[in-house]
Amino acid sequence: MIGYKNRIKLVRQHDLMDCGPASLSMVTYFYGNKFPLHYLRELCQIGKDGVSMSGIIHAAKKIGMETYSTRLNLDLLVKKFTKPCILYWNKNHFLVLESISNKGGNVNFHIADPAHGKVVLSEKDFKEPWLKGGQSGVALFLSPTHDFFLKKNNSNVKNHFKTIVNFLKPYKKKILVLSFLILLGSAFSVTLPFLTEALIDYGVTPKNLNYISLILLAQLFVFIGIMTINILRNWFTLIIGTKLSVDIVYSYLDKVLKLPLSFFDTKNSGDFNQRIQDNIKVERFLTSDSILTVFSALLLLVYSGILFHYGTSLFLTYIGLTLVSVYWSYYWLKKREVIDYKIFLARSENQEAIYEFYNGIREMKLNQYESYKKNQWVELQNNLLQANIKSLKIEQFQSIGFTFFNQLKNILVTFLAANYVVKDIMTLGALLSVSYIIGQMNSPVHQLLSFFRSQQDAFLSFNRLSEVYTQENEEKESDKKLDPEKTPVDIKIQNVNFKYNVLSHKYILQDIDLTIPRGKITAIVGHSGSGKTTLMKLLLKFFPPLSGKIFYGLDEINGLSSQSIRENSGIVMQDGYIFNDTIERNIALKDKIVDKEKLEKALGAVNLLGFVNSLALKEHTKIGSGGNDLSGGQKQRILIARAIYKNPKYIFLDEATSALDATNEKEVHNNLQKLFKDKTVVIIAHRLSTVQNADQIIVLSEGKMVEQGTHTELIDKKEFYYTLVKDQLNI
Ligand SMILES: Nc1ncnc2c1ncn2[C@@H]1O[C@H](COP(=O)(O)OP(=O)(O)OP(=O)(O)O)[C@@H](O)[C@H]1O
């Protein structure tokens, strides 16, 4: 059996959704069988809103842990606490309570927060986010069973550092030149203290003007040399950095575009943005940060060597006091972590408040909610100010101490060197050389310090990226393409069951069994939330069914290329997107040269030709990102025109004409009926006018197929369909 580690190793969350699996990962480490984040996040069933407590419990059970989740008050938590547990924090986050300490009656809570690191909070600071104004908070206690220790995490995530370093390969030569320049630059810099020494000892002291001129000329050349090298070095760093950044982000975008659509169901745009930033951080780490650090480390080494050459005591004093100042900084930085954490919480509340101002401004004004919200915001600012003041105090302590030790170091080293001069052990030139060196050593020390701090960030970024790179592509090489000769074919759905979250008790689709005949129109109707869109998404291979099968002809959808299904389909989803481009580009999309005849036909079919021709730039008019310059109905018609222009074999329309007025909808549908000829069409709609001409109508209710037939058959039956549309029948 593996022994307990008896401490929590911090596992940082990779994005906003990861706090649950990261917390669980920390607890597994404590018990000595570490399950990494990417493995646990899959078991946790993360949705777009992050992970739920039941998701963490599910994952914990899967890896052989016993769980006990409960609501309890603070006293009980302190009494019950023996081993790390997971807390529900701020009603939107999970973290680990590592230990509780009691010093002279002051209870302190040691938490490991996957978003911010380890912090120690006083009872007051702990209570607020955990209890959130209530009497009790939620805690999940976990303990390992025998199975836990036998389980191996079968995560296939490799360390992708190598992959990223591979990006450097094409720039090998440039990097070599850069390294040479760095070396040369260091060599030039090293000559300066010696030149200073020579200037004083062999020029100024013996009053030798020729020698002084010669040394100063040499210094001038060295400066010019250093300047030239710096210019070249910056050029090379910029070129390598920019090219590398393009390569890395391009490869990332390429990978993202290959991922299954279900991947994006658990990610929001913030995460995507974060990962682009991550790419840039990794690139910076690989280029400018590392290059500057190599340069600094080299200089530091050489300067330390020279200092050692001038006197061991000088060297030891310098190193000793540098270590003291670094330790001082580190101590205060640790102290600042708690305050930084509070600032972070206050800032995120502040951000939420601003966000709500922006989004809810209409409702606020309509319901006279302004002054309440304004006061709430002022209170938040006060909290932020208090935290900022505390942070500033600590920062000042840190910087005063650091500067003090630094100056003390300079004074002491100069004193020792001056002492050597007085005792004739050292020349005056050497003294000046020493003060030059200690002046020059400050910035490399800073660079090294900041490098070690940024390195942690870069590795976190890097792990986040690895997670994307290790995801399987949506398209497999073995996937079969739909045969254009035999397309369209019947689509058969056999006993399909589906739920988005396997932990949920409720099925979104249950025992669906039906055939969508080729060349015919199938309408899917049902109350809102009955699973219509989900069924369409399954047909388009957004998600695999949980059980049951879907066939295109004789081919099961699992073995079919999703790309080829979508290539052969004209699809209008409820949340179809309009690109920030011209009308024609939004309709023709991937066609480089727009087929004007097809474009006109598509615009005509959706009743937009008149509108487009009335615009000054006609089809070349830009329609703004998200179609902001269009009405809801116009946007929908552009999306339908896009599907028509494609002239596909299959057409899938999900509430595609819901925003159109009755007249327009009727006309568009009449036009579509002609275009639907010989195509396999699936339409989801609420309006009777849209579905009554369908060859078959499928009625869904709470995920089950409850009726199937034509409009007349179903009306005659007077059951589900009839109830659904009777208000529109005027009977
Ligand atoms: N990405 C998702 N993750 C989790 N649950 C989802 C997701 N998308 C939809 N659901 C849930 O699945 C159920 C069916 O949704 P679906 O969109 O398929 O219904 P619908 O019949 O198309 O509704 P509407 O007519 O309102 O568009 C709903 O309860 C919804 O909350």
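For reference, positions follow the sequence shown, starting with 1.
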Taking K258 first and then D254, would you say they form a salt bridge - that is, a charged N and a carboxylate O separated by under 4.0 Å?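 Between D254 and K258 there is a salt bridge, with a charged N closer than 4.0 Å to a carboxylate O.
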
Assess whether a salt bridge exists between E98 and K118, defined as any Lys/Arg side-chain N lying under 4.0 Å from an Asp/Glu carboxylate O.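 Here E98 pairs with K118 in a salt bridge, since their nearest N and O are under 4.0 Å apart.
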
Could you give me the CA-CA distance, side-chain angles and deciding distance for V706 and L700, then say whether side chain to side chain contact (heavy atoms under 4.5 Å, CB included) is met? CA-CA 6 Å; V706 286; L700 290 187; over 6 Å; no

Heavy-atom distance under 4.5 Å between the side chains of [X] and [Y], does that happen here?
X	Y	result
I400	W332	no
F35	V11	no
N90	W130	no
I111	W89	yes
L87	V138	no
L323	Y327	no
F30	K9	no
F357	E370	no

I'd like to know whether [atom1] of [X] has more than 12 heavy-atom contacts from other residues, nucleotides or ligands below 6.0 angstrom.
X	atom1	answer
K499	NZ	yes
K79	NZ	no
E66	CD	no
K132	NZ	yes
E356	CD	no
E702	CD	no

Between [Y] and [X], do the side chains contain a donor N or O and an acceptor N or O under 3.5 Å apart?
X	Y	value
N406	K409	yes
D654	T533	yes
K103	N108	no
E475	S562	yes
S136	N73	no

Distance-minimising heavy-atom pair for [X] and [Y]:
X	Y	answer
D513	N495	OD2-OD1, 3.3 Å
W328	F397	NE1-O, 3.2 Å
V496	K549	CG2-O, 3.5 Å
N558	P544	OD1-CB, 4.4 Å
L77	L97	CD2-CD2, 3.9 Å
P114	C19	CG-O, 3.7 Å

Take M26 and I86 through the side chain to side chain contact (heavy atoms under 4.5 Å, CB included) test and state the conclusion after the steps. CA-CA 10 Å; M26 288 192 248; I86 295 176; over 6 Å; no

Using the rule given for side chain to side chain contact (heavy atoms under 4.5 Å, CB included), can you reason through I684 versus M536, listing the C-alpha separation, both sets of side-chain angles and the distance that settles it, and then say yes or no? CA-CA 9 Å; I684 296 175; M536 188 180 271; 3.8 Å; yes

Sole residue of V120, L121, I8 in side-chain contact (heavy atoms from CB on, under 4.5 Å) with H110: V120

Enter the distance from [X]:[atom1] to [Y]:[atom2] here, rounded to the nearest 0.5 Å.
X	Y	atom1	atom2	result
F404	S325	CZ	OG	11.5 Å
I557	L538	CD1	CG	7.5 Å
S399	L392	OG	CG	9.5 Å
M705	L509	CE	CG	12.0 Å
K541	L539	NZ	CG	13.0 Å
E379	L384	CD	CG	13.0 Å

So, using side-chain hydrogen bond (donor to acceptor under 3.5 Å, both in side chains) as the criterion, who are the partners of N473 when residues are at least two apart? K255

Partners passing side-chain contact (heavy atoms from CB on, under 4.5 Å) against Y369 (at least two apart in sequence or in another chain):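 Testing Y369 for side-chain contact (heavy atoms from CB on, under 4.5 Å), a comparison that skips the adjacent residues, returns M364, Y372, K373.
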
Run N497 and S547 through side-chain hydrogen bond (donor to acceptor under 3.5 Å, both in side chains) and show every step you take. CA-CA 5 Å; N497 291 297; S547 62; 3.0 Å; yes

Extract all donor-acceptor atom pairs below 3.5 Å that involve side chains of residues 51-64 and protein atoms in other chains or at least two apart in sequence.
| residue | atom | partner | partner atom | Å |
| --- | --- | --- | --- | --- |
| S52 | OG | S54 | OG | 3.0 |
| S52 | OG | G55 | N | 3.1 |

Are F543 and Y500 near enough that their ring centres are under 6.0 Å apart? yes

Are F94 and Y88 an aromatic pair, judged by ring center distance below 6.0 Å? yes

Going through the distances and angles, do F109 and D125 end up as a side chain to side chain contact (heavy atoms under 4.5 Å, CB included)? CA-CA 9 Å; F109 295 82; D125 291 338; over 6 Å; no

